[in-house]
Amino acid sequence: DIQELLSILKPKLSRTSRIVVVVYNSYYRWLYILANKLGIRKGEAPNTFITSSDIVNICKISGFDLIKLRSAVFFPFKWFWFGAIINWLFPALPFIKNFGLVCITVLRPIIKESKTPSLYL
């Protein structure tokens with residue numbers, strides 16, 4: 001449960017702490033399963049897929065602020081620098097930037113300031 005994990009982590013974090021979450025694109029579930037069956041990708045197929053709007057809502061409920069939400073990995077192969085160029089260029093294009101294989105999300109805890117002054121006169 002993602003919300004429960006964030007709720008457990010929050011008391012252990014300070015105001016300057018950050019959490020980086022890698023979220024698989026839910027629309028490419030079939031691609032991960034196909035890559036595993038063909039032997040291109042090793043490991044288990046991801047079993048948790050959530051959308052970007054879901055992660056935003058989970059963050060708000062758990063008491064976190066969303067700092068950055070960025071799509072990444074548009075072409076997973078290093079094919080004569082072709083993959084590096086695509087992965088560098090596509091996040092900047094307005095219509096293509098949401099088609100990344102994963103989404104990198106950076107969160108920070110919302111911690112209220114204490115009302116007591118730090119110095120007594």
Side-chain angles (χ1 to χ4, degrees):
D1 186 23
I2 300 168
Q3 181 184 351
E4 182 181 350
L5 178 64
L6 289 175
S7 298
I8 292 170
L9 284 176
K10 187 177 177 188
K12 299 175 184 176
L13 301 174
S14 68
R15 185 181 311 274
T16 59
S17 300
R18 301 295 181 258
I19 296 177
V20 179
V21 181
V22 178
V23 180
Y24 290 102
N25 192 337
S26 59
Y27 300 112
Y28 293 129
R29 173 182 235 145
W30 62 272
L31 190 61
Y32 292 110
I33 294 169
L34 179 67
N36 279 350
K37 287 186 179 181
L38 294 175
I40 298 171
R41 183 179 181 277
K42 295 185 181 184
E44 295 180 20
N47 56 7
T48 304
F49 289 91
I50 58 174
T51 61
S52 300
S53 60
D54 289 340
I55 195 77
V56 169
N57 292 331
I58 290 171
C59 292
K60 286 180 183 178
I61 291 171
S62 301
F64 282 85
D65 213 7
L66 182 71
I67 297 175
K68 186 183 255 186
L69 185 72
R70 182 178 72 91
S71 292
V73 188
F74 293 89
F75 191 78
F77 306 108
K78 296 178 184 178
W79 186 55
F80 302 111
W81 292 94
F82 184 68
I85 292 170
I86 287 177
N87 288 329
W88 175 75
L89 180 66
F90 277 23
L93 299 175
F95 298 110
I96 299 175
K97 68 180 180 180
N98 294 326
F99 293 107
L101 295 174
V102 296
C103 184
I104 309 296
T105 309
V106 181
L107 311 172
R108 75 171 163 214
I110 299 172
I111 300 174
K112 296 180 181 179
E113 292 183 27
S114 64
K115 301 285 182 182
T116 57
S118 60
L119 297 174
Y120 294 103
L121 299 175

Val23 and Asp54: CA distance, side-chain angles, deciding distance, side-chain contact (heavy atoms from CB on, under 4.5 Å) verdict:
CA-CA 11 Å; Val23 180; Asp54 289 340; over 6 Å; no
Might you work through the side-chain contact (heavy atoms from CB on, under 4.5 Å) test for Thr105 and Val20, ending with a clear yes or no?
CA-CA 6 Å; Thr105 309; Val20 179; over 6 Å; no
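To the nearest 0.5 Å, atom CD1 of residue Ile33 and atom CG of residue Leu38 are 12.0 Å apart. In this structure, the separation between CG on Leu107 and OG on Ser17 is 12.0 Å, given to the nearest 0.5 Å. Rounding to the nearest 0.5 Å gives a distance of 6.5 Å between CG of Leu6 and SG of Cys59.
Residues Phe64 and Val56 are members of one and the same hydrophobic cluster, defined by side-chain heavy-atom contacts under 4.5 angstrom among Ile, Leu, Val, Met, Phe, Trp and Tyr. Under the 4.5 Å side-chain contact rule for hydrophobic residues, Leu13 and Leu5 share a cluster. The hydrophobic clustering, which links ILVMFWY residues whose side-chain heavy atoms are closer than 4.5 Å, places Val73 and Trp30 together. The hydrophobic cluster containing Val21 does not contain Leu101, counting ILVMFWY residues as joined when their side-chain heavy atoms lie under 4.5 angstrom apart, directly or transitively. Tyr24 and Leu34 fall within the same hydrophobic cluster, defined by Ile, Leu, Val, Met, Phe, Trp and Tyr side-chain heavy atoms under 4.5 Å apart, directly or through other members.
Residue Tyr32 comes nearest to Val102 through the heavy atom pair OH-CG1, 3.9 Å, listed as atom of the first residue, atom of the second, then distance. In terms of heavy atoms, Leu9 sits closest to Ile19 at CD1-CD1, 4.0 Å. Taking all atoms of both residues into account, the shortest heavy-atom contact from Ile67 to Arg18 is CD1-NE, 3.2 Å. Across all non-hydrogen atoms, the minimal contact from Gln3 to Ile61 is NE2-CG2, 2.8 Å.
Using a distance-only test at 3.5 Å, with no hydrogens or angles considered, a donor-acceptor pair links the side chain of Arg15 to the main chain of Ile111.
Sorted by first and then second residue, the side chain to side chain donor-acceptor pair (under 3.5 Å) pairs with a member in residues 59-72 read Asp65-Arg108; sequence neighbours excluded.
With sequence neighbours excluded, the residues forming a side chain to side chain donor-acceptor pair (under 3.5 Å) with Thr16 are Ser14, listed by chain and number.
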